[in-house]
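As the structure lists them, so they are numbered: ligands from 1, and atoms in each ligand from 1.
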Amino acid sequence: MRPDPETAQTAFVDLPVLREHGVSLYLRREDLLFPQLSGNKYRKLKYNLAAARRQGFGRLITFGGAYSNHIHATAAAGRLYGFETLGLIRGDELQGRPLNPTLADARQAGMELVFLSRAAYARRGTPAFQKTCLARYGPAYLLPEGGTNELAIRGCAEILEPADARFDLLCCPVGTGGTLAGLVRGAAPGQRVLGYPALKAAGLRDELSRFIPGENWELSAHSHLGGYGKVTAGLIDFINGFREQTGIALDPVYTGKMLYALLDDVRSGQIAPGSTILAIHTGGLQGNRGMNLELRKKNLPLLQL
Ligand SMILES: *Cc1c(COP(=O)(O)O)cnc(C)c1O
């Protein structure tokens with residue numbers, strides 16, 4: 001039988017701290033599944049692309065910051081599946097400047113880039129703004145920032161397979177919460193889901209509760225390191241060390257912060273000794289090139305690429 005093309009590999013993570021606490025940690029390598037589509041972004045696009053096709057659209061419009069994995073993935077998906085793509089990018093100061101690696105890839109994949117002022121970008125969620133966008137750049141299928149909607153959650157639930165019911169705990173990074181919502185939906189009875197936020201937001205749990213039902217999930221309180229995209233020398237050293245020890249590359253925005261905090265939770269006993277964990281490697285490695293440009297400016301250690 002052919003392997004299921006949508007089943008990612010699962011890597012056993014062998015580290016002293018895990019052995020000491022009797023914790024078994026496995027990483028679902030979504031990052032390897034569709035490398036051009038940056039891990040979980042394929043899952044989030046899958047049913048949206050099918051809906052766009054069914055509704056007769058040949059064009060996708062979406063939103064994102066200059067380093068956005070979602071922008072990168074939407075451009076790649078457009079190229080792979082035959083959609084025109086247009087990205088509305090936060091920050092009109094970027095207009096006319098050399099493109100960073102993320103946006104250069106997006107344009108290379110055929111995405112048209114339009115830079116918005118921060119004030120305009122802040123209105124991206126409003127019906128009036130979206131109507132204007134469609135009038136100017138449509139007709140098109142509109143994907144939300146970060147790609148999270150009901151169809152995206154359905155796709156993310158497919159990260160899990162029946163055999164994953166053996167894990168006590170499922171872990172993932174959290175941006176908009178679509179991936180977490182998918183895991184909660186796909187979790188087996190009795191399984192707990194632990195999300196590691198990449199951003200600092202008071203009331204994040206309440207916000208996510210609006211579309212993530214149930215009580216079998218929670219958020220880590222200390223993974224964000226001060227905010228979205230904020231990094232420390234400790235985090236970068238951790239990511240480089242993790243790669244040396246396991247051969248697995250992480251990104252500093254999502255997967256690095258998750259594992260940095262997760263191993264801390266193992267050390268502190270927050271995660272019970274003896275637990276068997278499946279953590280999702282959601283990808284995001286494309287952003288490491290651009291991150292290194294920022295790190296160099298700040299005189300921080302660089303990520304080994
Ligand atoms: C977008 C992204 C996330 C966050 O996913 P959400 O569904 O928005 O919570 C996590 N990891 C990576 C690598 C991403 O690109």
Between K44 and E30, is there a salt bridge with N-O shorter than 4.0 Å?
no

Looking at R118 and E93, is there a salt bridge between them, counting it only when a charged N and a carboxylate O are closer than 4.0 Å?
yes

Could you see which bit of [X] sits under 4.0 Å from ligand 1, with heavy atoms only: side chain, backbone, both or neither?
{"X": "K44", "result": "side chain"}
{"X": "N40", "result": "side chain"}
{"X": "N69", "result": "side chain"}

Heavy atoms, side chains only, cut-off 4.5 Å: are W217 and L208 in contact?
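A side-chain contact exists here, since the closest heavy-atom pair is under 4.5 Å.
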
Exam field: side chain K257 to backbone H224, donor-acceptor pair closer than 3.5 Å
yes

I need the nearest protein heavy-atom contact for atom 2 (C) of ligand 1: residue, atom name and distance, please.
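Among all protein heavy atoms, the one nearest atom 2 (C) of ligand 1 is K41 NZ, 2.4 Å.
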
If you have a sec, work out which protein heavy atom is nearest atom 8 (O) of ligand 1 and how many Å separate them, to one decimal?
T176 OG1, 2.5 Å

T282 N/O to ligand 1 N/O under 3.5 Å:
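Such a contact does occur with ligand 1.
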
What I want to know is whether G284 and ligand 1 share at least one N or O pair that is separated by under 3.5 angstrom.
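Such a contact does not occur with ligand 1.
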
Return the option from G146, G175, G182 holding the heavy atom at the smallest distance from atom 9 (O) of ligand 1.
G175

Provide the number and element of each atom of ligand 1 under 4.0 Å from a heavy atom of G178.
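Taking each heavy atom of G178 in turn, ligand 1 has 6 (P), 7 (O), 9 (O) under 4.0 Å.
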
Between [X] and [Y], is any side-chain donor less than 3.5 angstrom from a side-chain acceptor?
{"X": "Y121", "Y": "E145", "value": "yes"}
{"X": "N69", "Y": "Q286", "value": "yes"}
{"X": "Y67", "Y": "E294", "value": "yes"}

For F242, which of I239, T246, N240 qualifies under side-chain contact (heavy atoms from CB on, under 4.5 Å)?
T246

Please verify whether a non-hydrogen atom of [X] lies at under 4.0 Å from ligand 1.
{"X": "G283", "value": "yes"}
{"X": "T255", "value": "no"}
{"X": "V174", "value": "yes"}

